[in-house]
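Just so it is clear, the model here is predicted, and its values are computed rather than measured.
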Amino acid sequence: MDEVQYLNLVLTKKSISLFEINQYILNVDSGSTKTKIKSWIELFFNVKVIGVNSYRPPQKREKRGKIQQIMKHRMRYKRMIITLKPGYSIPLFPY
């Protein structure tokens with residue numbers, strides 16, 4: 001099985017409100033696929049995943065010069081929204 005480069009749980013006000021409906025937001029490497037993340041989550045946390053949605057955060061402007069603004073994509077990750085079956089959960093702070 002391919003390894004996941006990095007995986008970070010996103011803790012914001014919106015993501016914490018999604019915990020109530022069994023959805024978790026994770027930052028993963030931009031080369032990761034939905035099927036790879038789904039199988040990794042199911043194997044590592046021993047849960048059942050029913051849905052995986054992904055998106056890239058919006059690009060940020062980088063200013064060069066006084067007038068010219070160049071669009072650069074500084075985000076080197078994707079965001080995945082993992083939906084679990086009812087009754088399952090991912091421990092936030094295992095230690």
Side-chain angles (χ1 to χ4, degrees):
M1 177 193 239
D2 295 330
E3 285 189 28
V4 177
Q5 290 291 332
Y6 58 86
L7 186 76
N8 298 330
L9 186 65
V10 177
L11 293 175
T12 60
K13 189 174 183 178
K14 182 177 179 179
S15 68
I16 290 172
S17 68
L18 291 176
F19 292 162
E20 297 172 2
I21 55 173
N22 273 355
Q23 288 187 340
Y24 297 86
I25 299 178
L26 307 167
N27 288 338
V28 297
D29 185 39
S30 63
S32 301
T33 61
K34 291 180 182 183
T35 54
K36 189 191 311 183
I37 295 298
K38 179 181 176 182
S39 61
W40 189 86
I41 294 283
E42 287 180 342
L43 180 69
F44 189 75
F45 292 110
N46 197 19
V47 295
K48 299 290 182 187
V49 177
I50 58 173
V52 179
N53 296 329
S54 69
Y55 70 95
R56 286 187 185 271
Q59 294 182 353
K60 296 196 174 183
R61 291 187 186 265
E62 182 175 301
K63 191 172 182 179
R64 290 195 181 170
K66 292 184 178 180
I67 300 173
Q68 181 181 8
Q69 286 189 353
I70 299 173
M71 290 295 287
K72 269 198 156 179
H73 196 70
R74 288 194 235 160
M75 304 298 178
R76 301 281 185 230
Y77 60 89
K78 287 182 187 176
R79 284 223 168 122
M80 298 273 184
I81 302 173
I82 310 294
T83 306
L84 303 179
K85 267 189 164 179
Y88 289 97
S89 67
I90 293 176
L92 298 179
F93 305 107
Y95 300 107

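Proximity of R79 to P57: side-chain heavy atoms (C-beta onward) are separated by under 4.5 Å at one or more points. The shortest distance between side-chain heavy atoms of L84 and V49 falls below 4.5 Å.
A continuous path of hydrophobic side-chain contacts links W40 to M80 [ILVMFWY only; heavy atoms under 4.5 Å]. Hydrophobic clustering, with ILVMFWY side chains joined whenever heavy atoms are under 4.5 angstrom apart, keeps I50 apart from I90. Both V47 and L26 sit in one connected hydrophobic cluster of ILVMFWY residues. Membership requires side-chain heavy atoms under 4.5 Å apart, directly or through other members. I37 and F45 fall within the same hydrophobic cluster, defined by Ile, Leu, Val, Met, Phe, Trp and Tyr side-chain heavy atoms under 4.5 Å apart, directly or through other members.
Side-chain atoms of K48 never come within 3.5 Å of backbone atoms of Y88 as a donor-acceptor pair (strictly under, hydrogens ignored).
Under the rule for a ring-ring contact (aromatic ring centres under 6.0 Å, His included), the partners of Y24 that lie at least two apart in sequence or sit in another chain are F19. Remark: Q23 engages T83 in a side chain to side chain donor-acceptor pair (under 3.5 Å) (not counting sequence neighbours).
Closest approach of K34 and S54 over heavy atoms only: CE-OG, 3.5 Å.
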Donor-acceptor pairs under 3.5 Å, side chain of residues 9-17 to any protein atom, not counting sequence neighbours: which ones?
from: T12; atom 1: OG1; to: S15; atom 2: N; distance (Å): 3.3
from: T12; atom 1: OG1; to: S15; atom 2: OG; distance (Å): 3.2
from: S15; atom 1: OG; to: V10; atom 2: O; distance (Å): 2.8
from: S15; atom 1: OG; to: T12; atom 2: N; distance (Å): 2.7
from: S15; atom 1: OG; to: T12; atom 2: O; distance (Å): 3.1
from: S17; atom 1: OG; to: K14; atom 2: O; distance (Å): 2.6

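The CD1 atom of I82 lies 10.0 Å from the NZ atom of K38; values are rounded to the nearest 0.5 Å.
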